[in-house]
Amino acid sequence: MSTFLGPRSSVRMYVESALQELGWSLPSHATLLVKPCSHPRFGDFQTNAAFLLAGELRQSPVSVAETIARTIGSTELFEEPTVTGGGFINFRLRKAWCQSWLTRIQGDPRLGIGWVERPETVVIDFSSPNIAKEMHVGHLRSTILGDCLARLRRFLGHRVITDNHLGDWGTQFGMVILGFKKAGDWNALRERPLEHLEQLYRKIYEATRTDPAVWEEAKGELRRLQTGDPENVRLWEEFCRYSLQELSRLYERLGVVFDYQMGESAYRHMLPEVVSLLVEKGLARRSQGALCVFFDEDPELKEHPFVIQKSDGAYLYSTTDIATLLYRVEKWQAQRILYVTDARQKLHFRQLFAVARALKLPVQLEHITFGTILGEDRRPLRTREGPSLKLRELLDEAEARALQLVSEKRPDLPLEKRKEIAQTVGIGALKYADLSQNRELDYIFRWEKLLALDGNTAPYLLNAYVRICSILAKSGTVSESPIELPQPEEWELAKALLGLGETMRASMEESRPHFLCNHLYELARAFHRFYESCPVLQADTETRRLSRLGLCRIAAQSLKIGLECLGIKPLEEM
Ligand code: ARG
């Protein structure tokens, strides 16, 4: 077998080609499942294929299953499939094949994980905070998730372009400019730009609520900015510059890198063209003064026209997003774009994607949504005083708590070293807590859970990695020797190791990092059990010692690959 995705993917491929051979096709609504067997006595994996076909074929699931099993027969990877449970088809991995595969990949930094067959140019639009405002925890999920999706896709061979679509041209700037003209402080701007600008914004925003004249003034400032008044443009540029500096410090702490940070303002000159294009194509028409794209054919969007220009001529978030989309397809040849934002923007992206379809843009678009981070009171995470938590403060606390933990475990290390470890553990724990959740769900944030040394956490995985590295370091240099799996704990570990590549694929395809997290956790646990019952350095024979060291190397490399794809720096000491 030249390419090997993983045992589960192989079962799927065997089943699919058997069905093709038999001329049977699955009903369109059916989902072919391949799962670990409910009990090891049945085998390693099972599929429901026969149940999906029985009805249409007018045969019993058992007889359909038997035909499929016979068609597949025994293969180099699996023993002859068996049928149980009224029609499940079971597959048992051949140990010999697994041993030789693991032996082959033990020295490969990619562990035999292949590249995608059809690499695409993928733009990932994530983080994208509105500037002149503090980043809040709400931006954390987009930042962490987007970064992880970029890493996964890159690792598997796609050309990825990461883009921070900063909100740097919105109506907030009218208020911020007005606020700055009234009470701005250049020193404060230099030192704490986001905090200062947010304060100025708040003050004006409060004032507009009681005094409509202030609202008019702010609108005037915005208009002057948008029509190129030199003073306002200069202020805006300074606001952006200082905000970006502060934001980059946060991104640096998070280890997140963008290829581009093309904010909304970058597209402002394209907006008139975009509007005329949509009018020319007959997609946009005027309604109550505003220009809108209507989606008459789409039952879900029929009632929700996409407003692209207000009656006073102003452009909107929608207009900028259409311009951005055209730009990415034309200039970057994007074949796929992922937008990572919370679920509240669902309608906006549905509308945007409908525009793309109407324009027949050759691009796949996906909105990757996520839920809310909740405090223990099950309300959106906040500070004790009430306002929502600043990302900066959250990172500080994560590092401080991790430092305490590291200091308890390793008082022998110098403070600098402990701080360095704490940074990785703290930020890693924060990321992992997020990525290990099904992204669509809200989750409750608990420091104790995040930093626990046992359980599905970053510290647990980092710890496992450190342990394996120390075994390998103690072993000295090792020759690559045949891997053998006589003990059940070795065999279980081997199976976990074999599934990494296909789990990464699934994680990438569905944009669900928690698949990868769960797999790494299972892998670390399997390693733990292996380590408890199979002495490595003290193995009875040299052959065994080398075989187990091979397993250790693959396990360490698996964790390293996995953690790096999650954006967590693997530590060699902890
Ligand atoms: N700035 C927006 C916000 O904070 C998110 C932008 C997402 N990306 C996009 N292309 N619309 O809600």
Side-chain angles (χ1 to χ4, degrees), residues 122-147 149-150 160-176 194 197-198 201 205 236 239-240 243-244 246-247 250-251 254 256 258-268 270-271 274 293 304 306-308 315-332 334 336-356 359 361 363-373 380 388-391 439 511:
V122 186
V123 174
I124 307 189
D125 174 322
F126 69 103
S127 196
S128 310
N130 295 332
I131 62 174
K133 258 189 198 174
E134 295 267 8
M135 264 230 260
H136 293 282
V137 290
H139 293 113
L140 183 70
R141 290 198 93 173
S142 172
T143 310
I144 292 178
L145 188 58
D147 179 56
L149 298 179
V160 174
I161 299 175
T162 53
D163 188 12
N164 191 6
H165 189 70
L166 299 162
D168 61 357
W169 197 243
T171 46
Q172 80 265 34
F173 283 100
M175 295 200 213
V176 178
L194 299 179
L197 294 173
E198 187 167 336
Y201 170 84
Y205 179 74
W236 169 77
F239 298 164
C240 291
S243 301
L244 261 175
E246 192 171 337
L247 287 174
L250 282 172
Y251 290 129
L254 286 167
V256 171
F258 296 99
D259 298 313
Y260 293 92
Q261 306 211 57
M262 294 202 25
E264 294 175 13
S265 68
Y267 304 94
R268 63 186 193 266
M270 285 174 69
L271 304 182
V274 166
V293 178
H304 302 283
F306 208 23
V307 185
I308 56 168
Y315 303 108
L316 299 95
Y317 185 48
S318 54
T319 334
T320 305
D321 253 332
I322 301 171
T324 309
L325 175 54
L326 291 167
Y327 181 92
R328 289 170 175 166
V329 172
E330 228 164 82
K331 290 278 184 321
W332 295 342
R336 182 181 297 273
I337 307 177
L338 310 186
Y339 296 87
V340 188
T341 85
D342 71 36
R344 287 173 300 182
Q345 298 200 33
K346 258 189 186 147
L347 176 62
H348 168 77
F349 285 106
R350 244 190 239 156
Q351 293 168 317
L352 178 66
F353 298 176
V355 172
L359 288 172
L361 295 182
V363 64
Q364 302 287 326
L365 302 171
E366 290 181 50
H367 184 204
I368 310 296
T369 61
F370 51 83
T372 310
I373 308 182
S388 63
L389 196 54
K390 292 171 190 154
L391 189 52
R439 63 176 161 79
S511 294

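Whatever order the structure lists them in is the order used to number ligands and atoms, beginning at 1. Numbering starts at 1 and runs along the sequence shown.
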protein heavy-atom neighbour closest to atom 4 (O) of ligand 1 works out as Ser128 O, 3.4 Å
Element-labelled atoms of ligand 1 that are located less than 4.0 Å from some non-hydrogen atom of Thr341: 7 (C)
Does the side chain of Tyr339 pick up a donor-acceptor pair with the side chain of Asp321 at under 3.5 Å? no
May I ask you to check whether Glu264 has an N/O atom sitting below 3.5 Å from an N/O atom of ligand 1? no
Got Val256 and Ser127 here, is their nearest side-chain heavy-atom distance under 4.5 Å? no
Taking only heavy atoms of Asp125 into account, list the atoms of ligand 1 that are under 4.0 Å away from them. 7 (C), 8 (N), 9 (C), 10 (N)
Start with the C-alpha distance between Ile161 and Tyr260, add both sets of side-chain angles, then the distance that settles side-chain contact (heavy atoms from CB on, under 4.5 Å), and finish with yes or no. CA-CA 8 Å; Ile161 299 175; Tyr260 293 92; 3.6 Å; yes
Which of the numbered atoms in ligand 1 are below 4.0 angstrom from a heavy atom of His165? 8 (N), 9 (C), 10 (N)
Polar contacts were defined as any N/O atom of the residue lying under 3.5 Å from an N/O atom of the ligand; does this apply to Arg328 and ligand 1? no
Decide whether Tyr317 and Gln345 meet the rule of one side-chain donor and one side-chain acceptor closer than 3.5 Å. yes
Is Thr324 near ligand 1, meaning one of its heavy atoms is under 4.0 Å from it? no
For Gln345, atoms of ligand 1 separated by under 4.0 Å from a heavy atom: 3 (C), 5 (C), 12 (O)
Check step by step if side-chain contact (heavy atoms from CB on, under 4.5 Å) holds for Leu352 and Phe306. CA-CA 8 Å; Leu352 178 66; Phe306 208 23; 4.2 Å; yes
Less than 3.5 Å apart, any donor N or O on the side chain of Thr341 or His367 sitting next to an acceptor on the other? yes
For atom 6 (C) of ligand 1, which candidate among Phe126, Tyr339, Tyr317 holds the nearest heavy atom? Tyr317
Residue part near ligand 1, for Phe349, under 4.0 Å between non-hydrogen atoms: side chain
Are Trp169 and Thr320 close enough, and set up right, to give a side-chain contact (heavy atoms from CB on, under 4.5 Å), and what steps lead you there? CA-CA 10 Å; Trp169 197 243; Thr320 305; 5.8 Å; no
